[in-house]
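Structure record follows, encoded as structure tokens.
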Number of protein chains: 2
Amino acid sequence: MAVKKAVFREVGTGKEPAVDSTIVNLRSKLEIYKAMSNGGNLADCPVRDVMQGLSGKWSSLLMGALAEQPYRFGELRRLVPDISQRMLTQTLHELQRDGYVHREVFPTKPPSVEYSLTDLGRSMFGALHQLILWAELNHDAVRQARAGFDAARA
Amino acid sequence: MAVKKAVFREVGTGKEPAVDSTIVNLRSKLEIYKAMSNGGNLADCPVRDVMQGLSGKWSSLLMGALAEQPYRFGELRRLVPDISQRMLTQTLHELQRDGYVHREVFPTKPPSVEYSLTDLGRSMFGALHQLILWAELNHDAVRQARAGFDAARA
DNA sequence: TAGTGCTGGTCTCTTTTTGAGACCACCACC
DNA sequence: GGTGGTGGTCTCAAAAAGAGACCAGCACTA
């Protein structure tokens, strides 16, 4: 294997020489992260903002359930037995706020509440689904990597 | 708009009548959630297991950065200025453990450490990228939904 | 008519996770 | 001998998550 040089690159310090071809070339590759970080304006970053709402422990699971069909509150509670009622309320509320989930109250006695995906929610779940499928297919590889890592450091 | 009936469905209680066509039809649609919940065996669920590792606040951001090029520890710290050193160490450690990230120490003085994506990591990021692109494209819709929701309840 | 159960929540308390920042050893440079 | 840069760990405070009690309203049952 060729010996890699551990070159001390200067990144993001704002002190780079203006005309350094190495850095220019390097910078041109930073497309994904730039998008994810809104080019340094971290406070108002689109990707980060949206991803944040999906990164909760229960968000993707509830989206998966609602992608199949609408559910009532109590149904979701039974379907996902290890979620606390507090987190179910809260996660559904966040998903509703971000426009992925529609909440409808029916005037039954007692009143029942049905949650369903909006068009935006279905659209988003299309992308999320890719990740879920990947997880399903590659679970063994991840588990194996994890086992190997734990074995190596033991 | 047609009046929706708030039918009290029985789901997951284990008490359903054995031959109820409504429920059978309902059950047949539960493909995505079944995959996500491993059919009730929640403790050892592939999708949940993998998603958990990606749902951290910083995981996807660091994956996005490393998808562009390898970075050294200090570079990542400067690139993502609002991550604490502790969370950077920890998140990289988790990503390494799950097999997405490779960690290589160079015998420089002082020693430098380079982080890069593995093949598994690049594969996973392909799927994650779909979600990132969606977020980029639909950020306005999400922000609008959020604003509308906040306005309605004020 | 009193008890029980179901609805969809909220409230409080404890535990877990995250964040901010001090601290560390090592070495080069001046 | 001070300063700065390397990649961390450690401690302590703040924020988030989880467990479970509690609530009002109504239907059904005894």
Side-chain angles (χ1 to χ4, degrees), chain A residues 4-13 15 42-43 48 52-62 70-97 101-116 153, chain B residues 5-13 15 42-43 48 52-62 66 70-97 101-116 153:
Chain A
K4 280 190 183 176
K5 281 197 303 180
V7 181
F8 280 49
R9 298 181 226 99
E10 293 291 332
V11 174
T13 60
K15 297 187 303 186
L42 298 149
R48 219 159 176 177
Q52 200 90 327
L54 270 32
S55 72
K57 184 174 178 180
W58 305 105
S59 309
S60 52
L61 199 59
L62 291 178
Y71 278 108
R72 296 223 325 283
F73 185 87
E75 290 175 336
L76 286 172
R77 190 154 46 110
R78 285 190 291 275
L79 195 60
V80 189
D82 56 344
I83 192 174
S84 70
Q85 205 163 350
R86 182 181 164 280
M87 288 313 291
L88 181 55
T89 303
Q90 186 174 311
T91 306
L92 286 171
H93 188 87
E94 287 166 6
L95 292 175
Q96 187 195 354
R97 191 173 105 96
V101 161
H102 173 70
R103 178 182 187 269
E104 189 160 5
V105 182
F106 295 95
T108 53
K109 306 277 170 104
S112 57
V113 181
E114 187 179 87
Y115 293 91
S116 56
R153 74 189 300 262
Chain B
K5 282 197 303 180
V7 182
F8 279 48
R9 296 180 228 104
E10 292 291 333
V11 174
T13 61
K15 297 186 302 184
L42 298 149
R48 220 160 172 177
Q52 199 90 327
L54 271 31
S55 70
K57 184 172 178 181
W58 304 105
S59 308
S60 52
L61 199 61
L62 291 177
L66 292 176
Y71 278 108
R72 297 223 324 285
F73 184 87
E75 290 175 337
L76 285 172
R77 190 155 45 110
R78 285 190 290 274
L79 194 61
V80 189
D82 57 346
I83 193 174
S84 70
Q85 205 163 350
R86 181 182 165 280
M87 288 312 292
L88 181 54
T89 303
Q90 186 174 313
T91 306
L92 286 171
H93 188 86
E94 287 166 8
L95 292 175
Q96 187 195 354
R97 191 172 105 95
V101 161
H102 173 70
R103 179 181 185 270
E104 190 162 4
V105 182
F106 294 96
T108 53
K109 306 276 169 117
S112 58
V113 180
E114 188 180 86
Y115 292 90
S116 55
R153 74 190 301 263

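Values reported hereafter were calculated over all heavy atoms of this structure, with side chains retained and with hydrogens, waters and symmetry mates removed. Just so we're on the same page: letters track the sequence lines, and every chain starts at 1.
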Distance below 4.0 Å between A:W58 side-chain N/O and D:dA17 OP1 or OP2: no
N or O in side chain of A:Y71 less than 4.0 angstrom from C:dG8 OP1/OP2: no
Separation of B:S116 OG from B:H102 NE2 (nearest 0.5 Å): 5.5 Å
Set of residues satisfying side chain to side chain donor-acceptor pair (under 3.5 Å) with respect to A:R77, sequence neighbours excluded: none
Set of side chain to side chain contact (heavy atoms under 4.5 Å, CB included) partners for B:T91, sequence neighbours left out: B:W58, B:S59, B:L62, B:M87, B:L95
Given C:dT18, D:dG8, D:dG18, the nucleotide with the shortest approach to the side chain of A:M87: D:dG18
Those residues that, when tested against A:R103, pass side chain to side chain donor-acceptor pair (under 3.5 Å) (two or more places apart): A:Y115
Nearest-0.5 Å distance that lies between atom OG1 in B:T89 and atom CG in B:L76: 10.5 Å
Whole-Å gap separating P (D:dG7) and CG (B:L88): 10 Å
Below 4.0 Å: OP1/OP2 of D:dG18 and any side-chain N or O of A:K57: yes
Could you list the protein-to-nucleotides 21-30 of chain C atom pairs, N/O on both sides, closer than 3.5 Å?
none

A:R48/B:D82 salt bridge by N-O under 4.0 Å criterion: yes
